[in-house]
Amino acid sequence: MMHEAILNIFKGIRSFIYMIRILCIFCILLLLCYWIEDLTKGNFAWLNFIKPLFNSLLKMCDDIYSYSFNFFGAVFEIKYLSTLLIFVAISYIFKLISQVVEMIETGYLKTRKVYKKTEETLINKKLQADTTLEQVQITKYTIVVSTQIKRKFSHREIHVDIEEQNKLLNDFLTQKTGKAPVLYNGGFMYQFNNFDRIDNVLDTIFKVMKSNSMIDYAFCVQVGDNPKQLDKLISLYHFGKVTMAADTAYRYKFNASHRYQTSQVGIFQYDNGTIEAHEFKEIL
């Protein structure tokens, strides 16, 4: 992954700088020992591995500026101090480089974070646009109404002609919606082609629900083509409600108009699966 490779590069640079600074400190300590060797006229054999480097640096510094002085009988040559300053300067320069690298890495991480956030926002907007487009393209929907005699009118001595009541219902719905019903699963099916304007149909349905009819109504709304789910909704017989499955409730959110609210009725098992039932409610 490119990001991990870049982080490893920064890590490698930091490790290299740290190693150089450690070497500078090590060289400073050895150079001090070499200086002591010179002052004491001793012979530190263990310094032989690095003496060629020190001698080259000392000669270069002595060529640039040569100065020495006596102190308690010992000759102090400025070239040793100059060479020490070279190692100190190298260590300081690499410290500055380390700070620059850290700034670059911080800038890279901040830039990447902004880029990732921007990319995520663009992806989310695209997903949202794709989802909206997919949902608004679903325009066909079906409404099935089931009826039964209200309990208070179900006594034997009260005769209610449910066929006549159903005829009155369907005549009213046909007049208001311009759609003719067909018999379906013990009820009456109405099919529509413009889900975006379902609020107008719901206005009619809720007028029916609030009427003084002697029968109860169970309206089921299903967007798209899912007869198995619609059959399950019908079988729940939620009289007094306008129910739908979760997919229909989700599709309703993409309508421009929302004169009705939706709420969950419950989750029900069917055919080794589940259906999440919702209902339309008037906004009071």
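- A salt bridge between Asp196 and Arg251 is present, with a side-chain N of the basic residue lying under 4.0 Å from a carboxylate O of the acidic one.
- At least one side-chain heavy atom of Glu276 sits less than 4.5 Å from a side-chain heavy atom of Gln264.
- Atom OH of Tyr115 is surrounded by 12 or fewer heavy atoms from other residues, nucleotides or ligands within 6.0 Å.
- Rounded to the nearest 0.5 angstrom, Lys113 NZ and Lys110 NZ are separated by 9.5 Å.
- Rounding to the nearest 0.5 Å places CD of Gln222 at 4.0 Å from OG1 of Thr248.
- The line from CD of Gln229 to SG of Cys220 is 11.0 Å long, rounded to the nearest 0.5 Å.
- Aromatic ring centroids of Phe219 and Phe280 lie 6.0 Å or more apart.
- A single hydrophobic cluster is not seen to contain both Leu31 and Ile25; linkage of ILVMFWY side chains at heavy-atom distances under 4.5 Å, directly or through other members, places them apart.
- Ring to ring, His238 and Phe268 are close: their centroids are under 6.0 angstrom apart.
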Would you check, one step at a time, whether the test salt bridge (Lys or Arg N to Asp or Glu O under 4.0 Å) holds for Asp203 with Lys207? CA-CA 6 Å; Asp203 291 343; Lys207 285 181 182 178; over 6 Å; no
Test side-chain contact (heavy atoms from CB on, under 4.5 Å) applied to Thr142 and Val221, step by step: CA-CA 6 Å; Thr142 301; Val221 182; over 6 Å; no
Walk me through whether Arg14 and Glu105 qualify under side-chain contact (heavy atoms from CB on, under 4.5 Å). CA-CA 11 Å; Arg14 286 198 304 271; Glu105 183 179 11; 2.4 Å; yes
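- Residues Lys125 and Thr121 form a side-chain contact, since some pair of their non-hydrogen atoms from C-beta on lies under 4.5 Å apart.
- Taking all atoms of both residues into account, the shortest heavy-atom contact from Phe195 to Ile138 is CB-O, 4.1 Å.
- Tyr18 and Ile104 are assigned to two separate hydrophobic clusters, defined by single-linkage of ILVMFWY side chains at heavy-atom distances under 4.5 Å.
- Side-chain contact between Leu47 and Cys33: present, with at least one pair of heavy atoms (C-beta onward) separated by less than 4.5 Å.
- Here the CD1-CZ distance, from Ile20 to Phe87, works out to 11.0 Å after rounding to the nearest 0.5 Å.
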side-chain contact (heavy atoms from CB on, under 4.5 Å), that's the test. Do Asn185 and Val144 meet it? Break it down for me. CA-CA 9 Å; Asn185 204 352; Val144 175; 5.8 Å; no
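- The minimum heavy-atom distance between Ala245 and His278, with the atom names listed, is C-CD2, 4.3 Å.
- Proximity of the aromatic rings of Phe206 and Tyr260 is defined here by a centroid distance below 6.0 angstrom, and this criterion is met.
- Donor-acceptor pairing under 3.5 Å is recorded for the side chains of Tyr184 and Asp231.
- Taking both residues in full, the closest heavy atoms of Gln148 and Ile162 are given as CA-CD1, 4.1 Å, listed atom of the first, atom of the second, then distance.
- A search for side-chain hydrogen bond (donor to acceptor under 3.5 Å, both in side chains) contacts involving Tyr190 returns Asn170, not counting sequence neighbours.
- In the hydrophobic cluster analysis, where Ile, Leu, Val, Met, Phe, Trp and Tyr join through side-chain heavy atoms closer than 4.5 angstrom, Leu29 is grouped apart from Tyr92.
- Legend: residues meeting ring pair (Phe, Tyr, Trp, His ring centres under 6.0 Å) with Phe192, ordered by chain and number and at least two apart, are Tyr141.
- Tyr108 is linked by a ring pair (Phe, Tyr, Trp, His ring centres under 6.0 Å) to His3, counting only residues two or more places apart in sequence or in another chain.
- Between Ile267 and Ile275 the shortest side-chain heavy-atom distance does not fall below 4.5 Å.
- To the nearest 0.5 angstrom, Ser146 atom OG is 6.0 Å from Tyr237 atom OH.
- Note on Ile22: it does not cluster hydrophobically with Ile17, by side-chain heavy-atom contacts below 4.5 Å among ILVMFWY residues.
- Residues Ile6 and Ile13 are members of one and the same hydrophobic cluster, defined by side-chain heavy-atom contacts under 4.5 angstrom among Ile, Leu, Val, Met, Phe, Trp and Tyr.
- For the pair Ser91 (side chain) and Val88 (backbone), a donor-acceptor distance under 3.5 Å is absent.
- Counting only heavy atoms from C-beta outward, the side chains of Ile205 and Met209 approach each other to under 4.5 Å.
- Looking only at distances, a side-chain donor or acceptor of Ser15 sits under 3.5 Å from a matching main-chain atom of Lys11.
- Rounding to the nearest 0.5 angstrom, the gap separating the NZ atom in Lys179 from the CE atom in Met189 is 13.5 Å.
- The shortest distance between side-chain heavy atoms of Lys228 and Asn226 falls below 4.5 Å.
- For the residue pair Thr147 / Asn166, a side-chain donor-acceptor distance below 3.5 Å is found, with atom types taken as modelled.
- For the pair Ile50 and Leu30, the tightest heavy-atom approach, listed with the atom from each and the gap, is CD1-CD1, 3.7 Å.
- Contact detail for Gln261 and Ile283: the closest heavy-atom pair is N-CG1, 3.7 Å.
- Other residues, nucleotides and ligands contribute over 12 non-hydrogen atoms within 6.0 Å of the CD atom of Glu119.
- Residues Val182 and Gln191 form no side-chain contact, since every pair of their non-hydrogen atoms from C-beta on lies 4.5 Å or further apart.
- Side-chain contact, Ser257 with Asp199: a donor N or O sits under 3.5 Å from an acceptor N or O.
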Verify side-chain contact (heavy atoms from CB on, under 4.5 Å) between Val100 and Leu96, making sure each step is shown before the conclusion. CA-CA 6 Å; Val100 172; Leu96 293 178; 5.5 Å; no
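- Side chains of Leu173 and Lys176 form no contact here, defined as non-hydrogen atoms less than 4.5 Å apart.
- Under a 3.5 Å cut-off, the side chain of Lys232 and the backbone N or O of Pro227 do not form any donor-acceptor pair.
- Using a 4.0 Å cut-off between a side-chain N of Lys or Arg and a carboxylate O of Asp or Glu, Glu282 and Arg259 do not qualify as a salt bridge.
- Closest heavy-atom contact between Thr174 and Ala180: OG1-CA, 4.1 Å.
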